[in-house]
Amino acid sequence: GTIGAPITYNGTSRTATVRRFDISNKEFITITGFIITSSGFSANSGSNVVVTSTENVIIDDNYIHDTTSDIAILSNRSSPNLKSNYLTISGNDMEIIGPVGRTDAAIQCWCDNALIEDNDMSQTEDFINIWGSFNVIRNFQQHGPQVSHLEQLGKFVDHRPYQRVYHLNLLGRLSRSRFSSSSISIA
């Protein structure tokens with residue numbers, strides 16, 4: 001898409017089921033309203049939504065569940081040239097992320113200027129792993145065995161579990177109890 005003519009893939013209020021979207025190297029794309037799952041499809045190790053090296057992409061209001069991939073939403077961080085910019089991940093429900101018998105990350109992103117908000121995540125090893133600059137993470141729900149780790153982080157950082165805003169500058173990672181950054185501002 002372009003700034004004047006963005007492309008929207010609409011799953012019509014979570015009635016369409018797909019296994020995967022790979023929109024790497026694309027701009028001005030919105031994916032909204034899909035059920036994204038490996039259930040009912042043959043096993044696949046690729047991430048369910050790949051947004052590597054994208055600009056102005058929105059992943060909104062999808063139900064991502066029962067995946068056989070390691071990561072539900074991925075922006076690969078293997079090269080500085082692959083970084084995404086202005087990525088929005090909002091309003092998604094994600095559960096049971098990872099190969100059978102093992103859970104993994106819901107969101108793993110190498111991006112700048114990202115907005116990750118209002119997502120509900122459960123039964124996953126790491127909820128959010130993020131690297132880059134000027135990324136905002138806020139208003140997310142997490143459930144499952146790892147909830148106590150993030151709840152403790154939330155109490156330590158801003159005393160308001162489940163209503164957090166993290167502005168990450170330089171390199172940051174939010175996952176289970178691991179969170180580090182060279183420069184963090186909390187709003």
Side-chain angles (χ1 to χ4, degrees), residues 7-26 29-54 57-79 81-84 87-111 114-132 135 137 139-151 172-179:
I7 297 171
T8 299
Y9 296 96
N10 191 334
T12 316
S13 301
R14 299 183 178 184
T15 58
T17 301
V18 299
R19 176 199 306 202
R20 185 168 197 255
F21 283 98
D22 186 341
I23 54 172
S24 296
N25 304 304
K26 304 293 186 222
I29 304 279
T30 297
I31 296 173
T32 185
F34 283 91
I35 298 170
I36 304 171
T37 183
S38 298
S39 182
F41 297 100
S42 59
N44 181 353
S45 61
S47 297
N48 294 83
V49 180
V50 182
V51 291
T52 301
S53 191
T54 60
V57 164
I58 299 170
I59 309 299
D60 178 62
D61 189 34
N62 298 288
Y63 176 41
I64 304 171
H65 71 95
D66 295 293
T67 69
T68 55
S69 62
D70 288 339
I71 300 158
I73 301 175
L74 171 70
S75 175
N76 196 330
R77 64 184 186 103
S78 62
S79 166
N81 298 332
L82 298 177
K83 187 182 278 189
S84 293
L87 173 65
T88 300
I89 301 172
S90 64
N92 298 287
D93 296 315
M94 293 173 260
E95 65 180 351
I96 314 172
I97 306 301
V100 174
R102 177 174 67 85
T103 58
D104 221 316
I107 300 171
Q108 182 170 300
C109 289
W110 169 233
C111 52
L115 173 60
I116 300 174
E117 68 176 347
D118 300 322
N119 294 289
D120 190 305
M121 296 167 272
S122 65
Q123 301 177 50
T124 181
E125 179 67 22
D126 290 345
F127 297 106
I128 300 170
N129 297 332
I130 189 163
W131 297 266
N135 297 309
I137 301 169
N139 302 329
F140 63 94
Q141 299 286 321
Q142 67 277 335
H143 317 276
Q146 294 77 21
V147 72
S148 61
H149 297 113
L150 280 175
E151 186 173 345
R173 177 180 167 108
L174 170 64
S175 64
R176 293 183 64 192
S177 58
R178 298 182 304 270
F179 179 72

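Scope of the values below: all heavy atoms of this structure, side chains included, with no hydrogens, waters or symmetry mates. Throughout, residue positions are numbered sequentially from 1 according to the sequence presented.
Each of Thr15, Thr17, Ile64 was evaluated against Ile35; a single residue qualifies, Thr17, per the side chain to side chain contact (heavy atoms under 4.5 Å, CB included) test.
For the salt bridge (Lys or Arg N to Asp or Glu O under 4.0 Å) test, no residue two or more places apart in sequence or in another chain qualifies with Asp66. Here Asp61 pairs with Arg14 under the salt bridge (Lys or Arg N to Asp or Glu O under 4.0 Å) rule; sequence neighbours left out. The side-chain contact (heavy atoms from CB on, under 4.5 Å) test applied to Asn25 returns Ser53, not counting sequence neighbours.
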Open item on the list: Could you go through Val57 and Thr88, starting from their C-alpha distance and side-chain angles, then the distance that decides it, and tell me whether this counts as side-chain contact (heavy atoms from CB on, under 4.5 Å)?
Closed with: CA-CA 6 Å; Val57 164; Thr88 300; over 6 Å; no
Open item on the list: One pair to check against side-chain hydrogen bond (donor to acceptor under 3.5 Å, both in side chains): Asp22 and Ser24. What are the steps and the verdict?
Closed with: CA-CA 6 Å; Asp22 186 341; Ser24 296; 2.8 Å; yes
Open item on the list: Is there a side-chain hydrogen bond (donor to acceptor under 3.5 Å, both in side chains) between Thr54 and Ser84? Walk through the geometry before answering.
Closed with: CA-CA 5 Å; Thr54 60; Ser84 293; 3.2 Å; yes
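Of all non-hydrogen atoms in Arg20 and Ser47, the two that sit nearest each other are NE-O, 2.8 Å. In this structure, Asn119 and Ser90 approach most closely via the heavy-atom pair OD1-C, 3.6 Å. Nearest approach of Ser75 to Leu82, heavy atoms of both residues: OG-O, 4.3 Å. Nearest heavy atom pair, residue Asn62 against residue Gly33, reads OD1-N, 3.2 Å. Of all heavy-atom pairs spanning Phe34 and Ile31, the tightest one is CD1-CG2, 3.8 Å. For the pair Cys109 and Leu87, the tightest heavy-atom approach, listed with the atom from each and the gap, is SG-CD2, 3.8 Å.
Relative ring orientation between Phe21 and Tyr9 is described as tilted, the plane-to-plane angle lying within the 30° to 60° band.
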